[in-house]
Amino acid sequence: IDMANIRTCGKCGIPESDGSAVYSTECRHALLCLPCGRALVQSASTCASCSAPLKNLLKEYPLRAPWSHKEFSVGKFPCSVS
């Protein structure tokens with residue numbers, strides 16, 4: 001496991017490598033695990049950075065380009081949290 005690139009939930013700190021997926025807010029200011037993201041969406045919270053309402057989460061799919069050591073996120077899809 002490449003420890004430098006492990007993403008964690010911005011609320012509870014659970015790492016993605018523990019089998020939990022990472023989701024981003026629609027404004028992409030936060031990465032969250034599904035339980036934390038669901039709780040924030042259901043409580044009608046807003047983004048701490050831009051105050052946008054949290055209505056959906058986007059599932060993040062990490063991809064490492066073979067020509068680069070940089071990790072990219074691709075295939076973001078809206079995810080229902082109800």
Chemist: Give, for atom OG of Ser51 and atom NE2 of His29, the distance between the pair rounded to the nearest 0.5 Å.
Modeler: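 Answer rounded to 0.5 Å: 10.0 Å.
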
Chemist: Go through Leu57 and Leu34 one step at a time and tell me if the side chain to side chain contact (heavy atoms under 4.5 Å, CB included) criterion holds.
Modeler: CA-CA 9 Å; Leu57 299 176; Leu34 187 57; 4.2 Å; yes

Chemist: Kindly compute the distance separating OG (Ser24) from NZ (Lys59), expressed to the nearest 0.5 Å.
Modeler: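 Atom-to-atom, Ser24:OG and Lys59:NZ are 12.0 Å apart.
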
Chemist: Rounded to the nearest 0.5 Å, how far does SG of Cys9 lie from CG of Leu32?
Modeler: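 Here the rounded value is 5.0 Å.
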
Chemist: Over all heavy atoms of both residues, which pair between Lys55 and Val41 is shortest? Give the atoms and the distance, please.
Modeler: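 Scanning both residues completely, I find the closest heavy atoms to be O-CG1, 3.4 Å.
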
Chemist: Roughly how far, to the nearest 0.5 Å, is CG of Leu31 from SG of Cys36?
Modeler: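 If we round to the nearest 0.5 Å, Cys36:SG and Leu31:CG are 12.0 Å apart.
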
Chemist: In Å and rounded to the nearest 0.5 Å, what is the OG1 to CG distance from Thr25 to Leu58?
Modeler: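 If I round to the nearest 0.5 Å, the distance is 7.5 Å.
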
Chemist: Step by step, work out the side chain to side chain contact (heavy atoms under 4.5 Å, CB included) result for Cys33 and Cys12.
Modeler: CA-CA 8 Å; Cys33 66; Cys12 71; 3.7 Å; yes

